[in-house]
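Have a look at the structure below before the remarks.
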Amino acid sequence: MHLSHHARLSVAPMMDWTDRHCRMFHRQFSRHALLYTEMVTAQAIVHGEPERLLGFSPAEGPVALQIGGSEPEVLFRACQIARDFPYVEVNLNVGCPSDRVQSGAFGACLMREPALVAECVAAMREACEVPVTVKCRIGVDEQDPHEVLPEFLARVGAAGVEHFIIHARKAWLQGLSPKENRDIPPLDYDLVLSMTGLFIGLSISLNGGITSLDEAEAHLDRGVQGVMIGRAAYHEPANILASADRRIFGADTPDVLAEDAVGAMLPYIDDYLTAGGRLHTITRHMLGAFAGRPGARAWRRTLSEGATAPGAGTALVEAALAEVTSRIAA
């Protein structure tokens, strides 16, 4: 089986969002979903402080590392360093359309260079003890996705990648901002689904525009092997993750209440504050805990206004939680 059991549902790597505190919170909702790091550049890993860039708590696992880069030898060295950390997968970013990424000649512009991507993943696989996967788009700019996507999968798959996460939109490297690239290019789920029939030996995960667990289940039923959800999982974690272990992974466990997920974070928050951290660094990822429920606005407001204050601690989180539970009792 090419696909890790956990990759049936994963939370997308998102810059400035999916840090270790975010993952710790998401993990309280689902034991099984695969969580990703933010993209870390291979250059940063090689020249920076590995523990600061790559360190995470085993309690966050299973976690996949996403790397950005386009130089095989640098990616090889980065993967050698990453071996010291318990990631279950290393993923190469061939989908990010940001200007920062283009100037480094990696990300979505690599869709134009499948031979180089094949070299990159071959080098990564040589250094990695865990699977190397690729996250890509269906094409960039004027490319015809029906031509370039199969060629890309064939070339990169031949280098040993067995699992691709495909964002079902083109990226427009000229004329659209990174934010617009997440919304404006039309989605083509059918094209991604057709790849599962064309490449029997590969596992394909679908990404892009999926906003509910119902949608995720529908895509899995149609034949993709995995679904990756981004912003919806971040802004509405309970709606996406609280019942995922039962519905997506078949676990015989009760769905998680957001109140319990928040409560489970309190010791973690205490430890972080004791070590000199600031409350806001964690609670900024928890603002969507009660999305769509009575008291959600009061929860967000209490945390947003209070978490940056000097000395703010778990008492503030408990006060915000009381705003929600009092609505339930009423």
Subject >> Parallel, tilted or perpendicular: ring planes of Trp17 versus Tyr234, cut at 30 and 60 degrees >> reply: parallel
Original post:
Can you name the side chain to side chain contact (heavy atoms under 4.5 Å, CB included) partners of Ser10, sequence neighbours left out?
Top reply: Leu34, Tyr36, Met228
**OP:** Provide the full list of salt bridge (Lys or Arg N to Asp or Glu O under 4.0 Å) pairs with a residue in residues 84-96, sequence neighbours left out, each pair given once.
**Re:** none
Original post:
Under the side chain to side chain donor-acceptor pair (under 3.5 Å) test, which residues partner Asp141, sequence neighbours left out?
Top reply: Arg112
Original post:
Checking side chain to side chain contact (heavy atoms under 4.5 Å, CB included) for the pair Val317/Leu279: CA distance, chi angles, key distance, verdict?
Top reply: CA-CA 9 Å; Val317 182; Leu279 181 65; 4.1 Å; yes
Subject >> Backbone N/O of Gly208 and side chain of Arg169: donor-acceptor pair under 3.5 Å >> reply: no
**OP:** To the nearest 0.5 Å, tell me how far Met111 CE sits from Phe152 CZ.
**Re:** 5.0 Å
**OP:** Please answer whether the main-chain N or O of Met24 pairs with a side-chain N or O of Gln28 as donor and acceptor at a distance below 3.5 Å.
**Re:** yes
Subject >> Pairs touching residues 18-46 that satisfy salt bridge (Lys or Arg N to Asp or Glu O under 4.0 Å), sequence neighbours left out >> reply: Asp19-Arg284, Arg20-Glu60, Arg23-Glu60
**OP:** Write down the atom of Leu9, the atom of Ala244, and the distance for their closest heavy-atom approach.
**Re:** CD2-CB, 3.6 Å
Original post:
What residues, two or more places apart in sequence or in another chain, satisfy side chain to side chain contact (heavy atoms under 4.5 Å, CB included) together with Asp255?
Top reply: Ser243, Arg246
**OP:** Using the test side chain to side chain donor-acceptor pair (under 3.5 Å), find all partners of Glu217 that sit at least two apart in sequence or belong to another chain.
**Re:** Arg247
Original post:
Is the side chain of Lys135 donor-acceptor paired with the backbone N or O of Ala12 at a distance under 3.5 Å, no angle test?
Top reply: no
Original post:
Within the distance-only criterion (no hydrogens, no angle test), does the side chain of Arg83 pair as donor or acceptor with the backbone N or O of Cys128 below 3.5 angstrom?
Top reply: no
**OP:** Apply side chain to side chain donor-acceptor pair (under 3.5 Å) to Tyr272 and list each qualifying residue two or more places apart in sequence or on a separate chain.
**Re:** none
**OP:** In sequence, state the C-alpha distance, the side-chain angles, and the governing distance for Phe290 and Leu321, and then conclude on side chain to side chain contact (heavy atoms under 4.5 Å, CB included).
**Re:** CA-CA 10 Å; Phe290 299 98; Leu321 188 55; 3.5 Å; yes
**OP:** Mind checking side chain to side chain contact (heavy atoms under 4.5 Å, CB included) for Ala122 and listing every partner two or more places apart, or none if nothing turns up?
**Re:** none
Subject >> Sidechain-backbone polar pair: Thr37 side chain, Gln66 backbone, donor-acceptor under 3.5 Å >> reply: yes
Original post:
Met286 and Trp299: side chain to side chain contact (heavy atoms under 4.5 Å, CB included), yes or no, with the steps?
Top reply: CA-CA 10 Å; Met286 299 170 64; Trp299 161 262; 4.3 Å; yes
Solution key, residues 46-55 side-chain donor-acceptor pairs under 3.5 Å, sequence neighbours excluded:
residue	atom	partner	partner atom	Å
His47	NE2	Gln43	OE1	3.1

Subject >> Sequence-distant partners of Asp144, side chain to side chain contact (heavy atoms under 4.5 Å, CB included), two or more places apart >> reply: His146, Glu147
**OP:** Output the distance between atom OG1 (Thr281) and atom CG (Leu273), rounded to the nearest 0.5 Å.
**Re:** 9.0 Å
**OP:** Enter the distance from Glu162:CD to Ser203:OG here, rounded to the nearest 0.5 Å.
**Re:** 7.5 Å
Original post:
Looking at Tyr268 versus Phe25, is the centre-to-centre ring distance below 6.0 Å?
Top reply: no
**OP:** Grab the two heavy atoms, one from Ile229 and one from Ser212, that are nearest each other, plus how far apart they are.
**Re:** CD1-O, 4.2 Å
Subject >> Full working for side-chain hydrogen bond (donor to acceptor under 3.5 Å, both in side chains) between Thr211 and Glu215 >> reply: CA-CA 7 Å; Thr211 59; Glu215 289 174 46; 2.7 Å; yes
Original post:
With sequence neighbours left out, what residues match Arg155 under salt bridge (charged side-chain N to carboxylate O under 4.0 Å, His left out)?
Top reply: Glu151
**OP:** With sequence neighbours excluded, give me every side-chain hydrogen bond (donor to acceptor under 3.5 Å, both in side chains) pair touching residues 185-199.
**Re:** Asp190-Arg222
